[in-house]
There are 2 protein chains.
Amino acid sequence: MNIGLLLYIPYRDLENRIMAAVTGAGYDVTLAQARVLQRISPDGTRLTELAEAAQVTKQTAGFLVDQLEKLGYVERVPDPTDGRARLVRVTEKARGATPVAEAEIARIEAEWEQHIGKRRMGQLREALEKLGEITDPYR
Amino acid sequence: MNIGLLLYIPYRDLENRIMAAVTGAGYDVTLAQARVLQRISPDGTRLTELAEAAQVTKQTAGFLVDQLEKLGYVERVPDPTDGRARLVRVTEKARGATPVAEAEIARIEAEWEQHIGKRRMGQLREALEKLGEITDPYR
DNA sequence: TACTTTAATCAGAGTCTCTGACTAAAAACA
DNA sequence: TGTTTTTAGTCAGAGACTCTGATTAAAGTA
């Protein structure tokens, strides 16, 4: 079986479950919005950085941040170090979503470990981390 | 690092490279179209099956098959066993794309194995296959 | 200062995906 | 058999996501 599909299947399962947990907890965000949201650092992040991290254009990132702003999950504040830039920051309203997502991730990882065993889980993680060295464009 | 991202990073790299190889060889298909195309069996596949396999609605699958048909990569023929159904079949024009994609996959897998080692590659595959047992909705 | 780069936005379009309603054929069943 | 339910696929319409190209304003550089 194709290694691509092998990677994708558990990834999709994970993503679907995290989204279900987050929206189930009352956070009404879409997948694309969530992908941006999770990359905003505690101190705020510039739009350009978000776009790069999420691998979309600045326009796309801006479009998603607009929506998140309307929903009250982020705010834009001037960047004190650069008059052109603005920092996107997570609001209090959104901050509760992080533990929800993290709890779901922990639950899933535990299930996976339960199924494939602690040893294989460690090997999986190790192999993926090493693979990231050559496949991660932001490294 | 989040296991989801760890899975996604190599997956995306693989997908991007396969698409680049295929479009570079002159096959002008989009990612969404390719996802459908690769699931069509040699004997033809029903739209409903394609939709399930690709995890999209029948309407979405139909939309993509329409485009592939206009581009000449697939054709729809009546299903002799069911008057309601039609079989989507790959045309001669599209058949050359498969070896292009497969060659690129082989190249990537070789690179990966080169980087992380034969042992880790085997462990990765084994862990992912086992993980598929609980994360693959079509199994 | 003049030129170039960078951060962000505006405008417009294309692609992908969905929900809901519908037709026709097959399957189930009374 | 005839009726009802299910299944395969399509039509219509809308929403979500993403892009290319052009523009503005601020920062960096020669």
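Chain A is the first sequence line, chain B the second, and so forth, proteins listed ahead of strands; every chain is numbered from 1. Source: prediction; values computed, not measured.
A:R125 places a side-chain N or O within 3.5 Å of a backbone atom of B:M1 that can act as its donor or acceptor partner. Side chain of A:T60 to backbone of A:V56: no donor-acceptor contact under 3.5 angstrom is found.
Nucleic acid contact class of A:G83 (heavy atoms, under 4.0 Å, all strands): sugar-phosphate only. Contacts of A:D79 with the nucleic acid, taken as non-hydrogen atoms under 4.0 Å apart, are absent.
Taking CD of A:E75 as the start and OG1 of A:T91 as the end, the distance is 6.5 Å to the nearest 0.5 Å.
Residues B:L68 and B:L87 do not share a hydrophobic cluster, defined by chaining ILVMFWY side chains whose heavy atoms lie under 4.5 Å apart.
On the nucleic acid side, DNA chain C contacts chain B at distances under 4.0 Å to non-hydrogen atoms, with the end points of that region at C:dC16 to C:dA26.
Between A:R84 atom CZ and D:dA26 atom P there is a gap of 10 Å when expressed in whole angstrom units. Note: CG (A:D82) to C1' (D:dG28) measures 10 Å, nearest angstrom.
Exactly one residue among B:V36, B:L37, B:I40 makes a side chain to side chain contact (heavy atoms under 4.5 Å, CB included) with B:V88. That residue is B:I40.
A:D79 and A:T81 form a side-chain donor-acceptor contact under 3.5 Å, judged by distance and modelled atom types alone.
Residues B:A21 and B:V100 approach most closely at O-CG1, 3.6 Å, considering heavy atoms.
Within the 4.5 Å cutoff, side-chain heavy atoms of B:R35 are placed close to those of B:L31. Put simply, the side chain of A:I3 reaches to within 4.5 Å of the side chain of B:L128, judged on heavy atoms. Residues A:M19 and A:T23 meet the side-chain proximity criterion, which asks for heavy atoms closer than 4.5 Å.
For the helix from C:dT1-D:dA30 to C:dA30-D:dT1, the terminal axes (five pairs an end, C1' atoms, rotation from four pairs onto the next four) enclose an angle of 30°, given to 10 degrees.
Salt bridge status for B:K58 with B:E49: absent, with no side-chain N to carboxylate O gap under 4.0 Å.
Residue order along DNA chain D, read from the 5' end via each residue's closest nucleotide, puts B:R76 first among A:T81 and B:R76.
Contact check of residues 45-53 of chain A against DNA chain D (heavy atom, cut-off under 4.0 Å) returns no residues at all.
Every side chain to side chain contact (heavy atoms under 4.5 Å, CB included) that A:I105 has, sequence neighbours left out, goes to A:I18, A:E109, B:N2. Taking A:R86 as the reference, nothing meets the side-chain hydrogen bond (donor to acceptor under 3.5 Å, both in side chains) condition, with sequence neighbours excluded.
Taking 4.0 angstrom as the limit, A:R86 places none of its side-chain polar atoms (N or O) nearer than this to OP1 or OP2 of D:dA25.
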Exercise for review: Starting at the 5' end of nucleotides 17-23 of chain D, put B wherever the base has a protein heavy atom under 4.0 Å, S where only the sugar-phosphate does, and a dash everywhere else.
Suggested key: BBBBB--

